[in-house]
Every structure is written in C-alpha cells, then in structure tokens.
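Source: prediction; values computed, not measured. Just so we're on the same page: letters track the sequence lines, and every chain starts at 1.
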Amino acid sequence: MSQQKIIIAVAWPYANGDLHLGHPAGYLLPADVMNKFQRLRGRDVIMVSGSDMHGTPVAVKAWKDGVAPQDYALMQHKRHMAVMQQLGLEYSLYTHTATEIHAQVVQQVFTTLDKAGYIIKQKTEQFWSEKEHKFLLDRYIEGTCPFCGFEKARGDQCDNCGHALTPDELVNPYSIFGDEELVKRVSTNYFLDLAKLQPLLEKHYADNADFKIWRKHVQATTQAWLAEGLMPRAITRDMEGYGVALPVGYEIEREEGKVTYVWFEAVTGYLSASVALSMLGKHKAIASASSLEISPLAIDEAALIPAVEALARGEDNISDTYAGQSLDWQSYWLAGQAKSYYFMGKDNIPFHSVIWTAMLLGLSQALGVSFNTPDILAANQYLNLKGAKFSKSTGNIIDTKKFFEEYGSDASRFFLISRMPENKDYDFTMQEFMDANNSELLANLGNFVNRSLVFWNKQFALAQSEKKFSELTIDSEVISHVDKAFADTAQLLEECKFAKALSVVTELGSFANKYFNDSQIWTVVKTDRAGAQVQMAGMLYLAANIARLLAPFLPEFSANVSGYLGMKIERPEVGRDDWKSLQLPELELDSLGEIAELKPLIARLEMIEEGNEENQAESGSDDQTS
RNA sequence: CGCGGGGUAGAGCAGUGGUAGCUCGUCAGGCUCAUAACCUGAAGGCCGUUGGUUCGAAUCCAACCCCCGCAACCA
C-alpha cells in the first residue's frame, strides 16, 4: 500500500500572552499525541507550527506596555518556546511569523492568488489620525454605544452589551491615542475573493470522504459558513508596516505601510514552516542553500540563505532531528502524497476549513498542481475554569508552565487527555484533577505496574535455575487483550478520539489488575513455582505493553517502566507503518534481574488548602514587560 | 437578534430507531502481592420540556427552556 506521508499542522499561538491550560487541552496535546503515535508506528511525519507575531492584539498589548511590537512578540515567542519544550512537544519545526522565509512564502501566495484573479481591490473608508499619521483600526476608536449607551464601547464591539459595531455607529467617537479630531480617509485594500472561491470549496467538500468523520461541531461550523455565502474578505490592512509586507510590485501599498492581514499570513505559516524545514534540512545536508530547488512556488532561494542560516543556528526556533525521510516540503503538501492533520481550538475552525482551504484550492488552480488541503481537522472545544473562559484580567487562569512544573508531565497529561474537550466544553476543577490522578492513573495503571514489579523483585528476581521467559507460554487471554488494545488505540487515534484511545489503555489496566487478583499468584508461588512463573510472565508482558501503549500519551511513565524492564522503546524505521509491531512480540526478559531503585510510578496528590489553591488559580504577576 | 455546539445516574462523559452504558464517587462484601492501592456485588437515571412520526425514540421531526461559543488580554 502507498506510504502516505503525514503533516501535522498545529495552530499558531498568539504572541500576546502566556500559554494557559486551555492551550495544551485544546490543541497542543492532541497534536503531540498524534505526532508521537505516528512516529512510533513508523510513519514519515512532520509537525510544524510557530508563534503568530503580528496582529492587532499584539500591537495593542505592546503599545500599552510601551514596547515595540516586534520586541514584545519576540519575547513572548521565546516564552512560548520554553513551554513547548517543557511539555515535551516534538516539533519538526516551531518557528514564528516574523521570519524572512515566512514573508517570502506569504508574498508568493499573495502574488499567485492575485495573478489568478482571486484577489480584488476595494475601497474602504477609515478614520485617519493626523497626530499619529496612520489609519486607526476599529479597535483604536472608542465612543458611546448606540445600543446601550455604554461610554467606552470599542469601534468593533461594545463590551457592555455585546453588539458588534462599526466605528461609524459610535456616538462621540474618539481615538484611544488622545485628543484629536477624527477625520476619515479612503483607503484601498486587497480582498480575497471568497465568493469566487466558493464553488471550488463546495465541490471540494462534496467529494471529501474524510469530512464525514470530522467532529460534528466542526462540520456544522463549516457548513454554516458555506450556507450563508462567502463574501470577499480583506487581506491587507494599514498597520504602519507591522506585519508581513506586501510583495514587490505593490510599491504604493508598501510605502503606505500596508501589510497582509494577520489571518491571511498566519495560516500560510503551515506552508512557510514546511518550506523552512525543507530548506533547513537541505542546508544541513549539503551545507549550501544555493542549490535548493523549491517549487512549485517560486521562492527566491538565494535571498533566503541568511534566513536559513539563522534558522540553522536555532535561536528562535525549535527543530528536532526527526524530519522524516524526505527533505522536500512538496512531498508533504501535494495531494495524494501526504495526509494532513490540523489541530486548533474551536474559534479557529472557519479560518482553516473555509478560508485556508479556499486559499489552497485557489493556489492549486493557479499553479496547475493539487495542494493538500486539511484532511483531518480536529478542533477541540474549550477547557473552562469555574464555568468561564480563561481570562487574565480576572485571574481566572491556570498557567501551563507552572501547572506542569507543580504536578509533572504524567499527571498533567493524563488529566488533560482523559478529559479533553473534544465535543463540548469541559470545566476544570482541582478535585477532578486529583481524582483523575489518584483514582484512575495511580490506582489502575500505576498500581498494576508497581505491584507486578515489586512481586517480581520479591519472588523471582534472584531465583536460579528456572525456565527462561522466552520458554514460557503466556496465557492466551492476556495476549488477546493486548492485541485488541493495540488495534483499538490505533483506530481511535486515527480518528482523533484521544480520550477514548487513552481509556482503552486504562481498560487494559483494569484487566491486568483483575488478572493479578484472579491468579492469586501470591498463593500459587508457594506451591507451584512453575505455574506462578507463567503468571508472572503474563503480568510483565502486560506491564511492558502498557508502557508501549502509553508512549504517545504519557512518555515519562512509558520510559520509566521501560527502564525498569531494561527495554527501549525505539522509533522504528520510517516507512514501516505498523503500530502493532511496537507490541512486545515475545517476552525477552531472560536477563532481567532484580530491578534496582524501584519506586512507585505515580505520586499521590493531596488536596492542598484553600490558600494554596488560590495560588494555583492565578497566573502570577505580570513580569512580561521586561 | 442571528449562527453553531451542548443539555443522559451525585460528578465527568459514551451512546444517531429495538430491553439505558463507562469512569469517578457512595454502600456492602472479598483479597492482602500492591501507593488505604486491587477484585466482586449493590443502590442510584421517567436520557432539558411539550407535542409529533413509528409496531417501537435518548436516538428522527416541530416548538420552547437553560448552558457555552462565534465579539473581549483568550484555544
């Protein structure tokens, strides 16, 4: 069968604040589990993402803090990278949107779509600030809400009554930059002609078999957008040059400080990061970027040599060494050669299922190739706290970094994956987190492995002249349960049902505990050592394979158990495509002796006092301005 | 207002036409190898409301109610 490559595209976190627990729950962990799973089964997979450096929220935040937006975004990007590494995410490349490579790919996409007639010009009237010498974004205008009378309504939205607004509707509009008379000027911007692309999209979704297995809310959101009819959408804005500049050939707009609208360039990051990864790989491989061959997009490779070299230094990016076999980004982006998995929060669905997909279809049409559109679009709902969205201003937040530091990878990942908000919002409580750790992870999986290994140490490790493990026949019941667990996890993970896939492993843990109980090995061993040894083999077989099944979910737990058993869980050669072959084929534990320094695998968590819980629920002081 | 998602045992969730399931919690019993962990059993739900389709509905249709999101420093 064909060895399809896999690209895992992870949503780009905004560089306007720290990551909170909603980020791993929403898209970072599902992407990571999928990535680890596909790598372990031997697929040729890349995972790309980066920080979204541009956009109004970043600019506003930086302006409030009195910092240049570029500096602020880069600082925030580095904080993001630290958290990514702490979570153990294995990106092929985690970069950001302020790179040369990104800019050039975005510009190339822009030019290509424009030449193909998918971009149109439209005039819009916007407020102009004489004092600031720039167009004021809707958000920079405040005034009185015409609906509720709220005096500090923003130009895009009234925070009091929730009405969507335009600056024109405001009574007594004023600039947030200070006193001055507001005047209007006409600005011409470019629009992506989504109306023209709609037929392509409709045909695309009519033909797409994968679409039917998307989660219900993802399908529904996509169809709702299409049913309402798509309108041209602005892809440039007047932002004083903060953002990705328009391509060469659009000199007037460049001089005006127009940049591509953040949503247009951010989604293109998946493509630009793949190109960057490709160039990076070739750069490392042949130490010369001059012979790179990048097509079908016409990238100016020579101009990017410094950028590739910067990338190779790895100061502003994370790049692991597992980039699959091929260094050609095209092989991950051309239809038929690769399958794509996208991970994001629910707010991002239309940008991917409608707009990004439309852009790719337009590019395909324009270039006469077939770009790989999102095959699997796994958007999660929200992880809430105290019934509300995470919010920094109210202290309603749990900082990801602190949480993982406090409770460790296993407990954190187990909770976030087993309670993942795949189909509806989930409300985080400390009690539920404790229960998940103590009553499920510890009591079931942790306890089974622990009791098995402890028993081994006590009863068998030092015994001599007994049969070797490889000569024993493990109960067929044990084998069949493990077989089924491998088959079920593979299928569920392929369908992005992460919580359920993890529950397959805990079910195997329940079976294992029952097997231990029913065997009465602690009695049998006194009268029938040969029989007990067969039972022991079954238990170690279960423990070893639980460790292997957990490798994508709980890498630490998995590695610890493997370490005790003297096994290594190694990635197979790329191209094997066989999850089940990770299953321990036979028990090669003939040389297993006493396990030294055996410790319980999962720590019991105790409910902390009220005061401390308060600490957990706060983001900590804002030390981001330094 | 509009669009979308959700409303199933105390809690968190599965379940898209055919005798209501899972995990946790609770209660009772068993075991004692194991981190007061494990195993067995039980109690606990008129599947948001009302009406309709059907031999039969948690599941399909209609109306309504409640929660969440789409607009906020936010996935």
Please give the distance between the [atom1] atoms of [N] and [M] as a whole number of Å.
N: B:U16; M: B:C38; atom1: C1'; answer: 37 Å
N: B:U50; M: B:C55; atom1: C1'; answer: 23 Å
N: B:C27; M: B:A37; atom1: P; answer: 13 Å
N: B:C65; M: B:A11; atom1: C1'; answer: 23 Å
N: B:C33; M: B:G6; atom1: P; answer: 50 Å
N: B:A9; M: B:G15; atom1: P; answer: 15 Å
N: B:C67; M: B:U8; atom1: C1'; answer: 15 Å
N: B:C47; M: B:G12; atom1: C1'; answer: 16 Å

Please work out if [X] contacts a base, only the sugar-phosphate, or nothing of the nucleic acid, heavy-atom cut-off 4.0 Å.
X: A:Y426; answer: sugar-phosphate
X: A:I602; answer: base
X: A:I521; answer: nothing
X: A:L601; answer: base
X: A:A443; answer: sugar-phosphate
X: A:N450; answer: base
X: A:N438; answer: nothing
X: A:G345; answer: sugar-phosphate

Please test A:D475 against A:Y515 for side-chain hydrogen bond (donor to acceptor under 3.5 Å, both in side chains), starting from the C-alpha separation and ending with a verdict.
CA-CA 10 Å; A:D475 285 352; A:Y515 180 73; 2.7 Å; yes
Given that both distances must come in under 3.5 Å, which nucleotide forms a Watson-Crick or G-U wobble pair with [N]?
N: B:A62; result: B:U50
N: B:A11; result: B:U23
N: B:C3; result: B:G69
N: B:C38; result: B:G30

Taking A:F433 as the fixed residue, which of A:F414, A:Y426, A:Y407 is the one that meets the ring pair (Phe, Tyr, Trp, His ring centres under 6.0 Å) rule?
A:Y407
[X] has a side chain; which of [options] sits nearest to it?
X: A:K500; options: B:G5, B:A14, B:C33; value: B:A14
X: A:K458; options: B:A34, B:C70, B:G4; value: B:A34
X: A:K424; options: B:G5, B:C13, B:G4; value: B:C13
X: A:E432; options: B:G12, B:A14, B:C24; value: B:G12
X: A:N447; options: B:A14, B:C33, B:A37; value: B:A37
X: A:N423; options: B:C33, B:G4, B:A14; value: B:A14
X: A:V454; options: B:A34, B:U40, B:C38; value: B:A34
X: A:N384; options: B:G12, B:U40, B:C68; value: B:C68
X: A:T221; options: B:C70, B:G4, B:U35; value: B:G4

Can you tell me how the ring of [X] sits relative to the ring of [Y], calling it parallel under 30°, perpendicular over 60° and tilted otherwise?
X: A:Y270; Y: A:W12; answer: perpendicular
X: A:F415; Y: A:F428; answer: perpendicular
X: A:F511; Y: A:H481; answer: parallel

Verify side-chain hydrogen bond (donor to acceptor under 3.5 Å, both in side chains) between A:Y342 and A:W356, making sure each step is shown before the conclusion.
CA-CA 11 Å; A:Y342 284 72; A:W356 175 231; 3.0 Å; yes
For the CG atom of A:L453 and the OH atom of A:Y564, what is their distance to the nearest 0.5 Å?
8.0 Å
Is A:R604 near enough to B:A37 that one of its side-chain N or O atoms lies under 4.0 angstrom from OP1 or OP2?
yes
Verify the contact: side-chain N or O of A:S439 to OP1 or OP2 of B:U23, cut-off strictly under 4.0 Å; return yes or no.
no
Are A:Q198 and A:E202 close enough, and set up right, to give a side-chain hydrogen bond (donor to acceptor under 3.5 Å, both in side chains), and what steps lead you there?
CA-CA 6 Å; A:Q198 175 145 7; A:E202 281 172 355; 2.8 Å; yes
Base of B:C38, side chain of A:N517 - is there a donor-acceptor contact under 3.5 Å?
yes
Decide side-chain hydrogen bond (donor to acceptor under 3.5 Å, both in side chains) for A:Y94 and A:S51; before the verdict, give the C-alpha distance in whole Å, the side-chain angles of both, and the deciding distance to 0.1 Å.
CA-CA 8 Å; A:Y94 184 86; A:S51 301; 2.8 Å; yes
Under the criteria of a ring-centre distance below 5.5 Å and an interplanar angle below 30°, is A:W522 stacked with the base of B:U32?
no
Could I get a table of every N or O pair under 3.5 Å where one atom is in the protein and the other is in nucleotides 60-66 of chain B?
none

Do the numbers put A:R413 on top of the ring of A:F553, so that NZ or CZ is under 6.0 Å from the six-membered ring centre and no more than 45° off the axis?
no
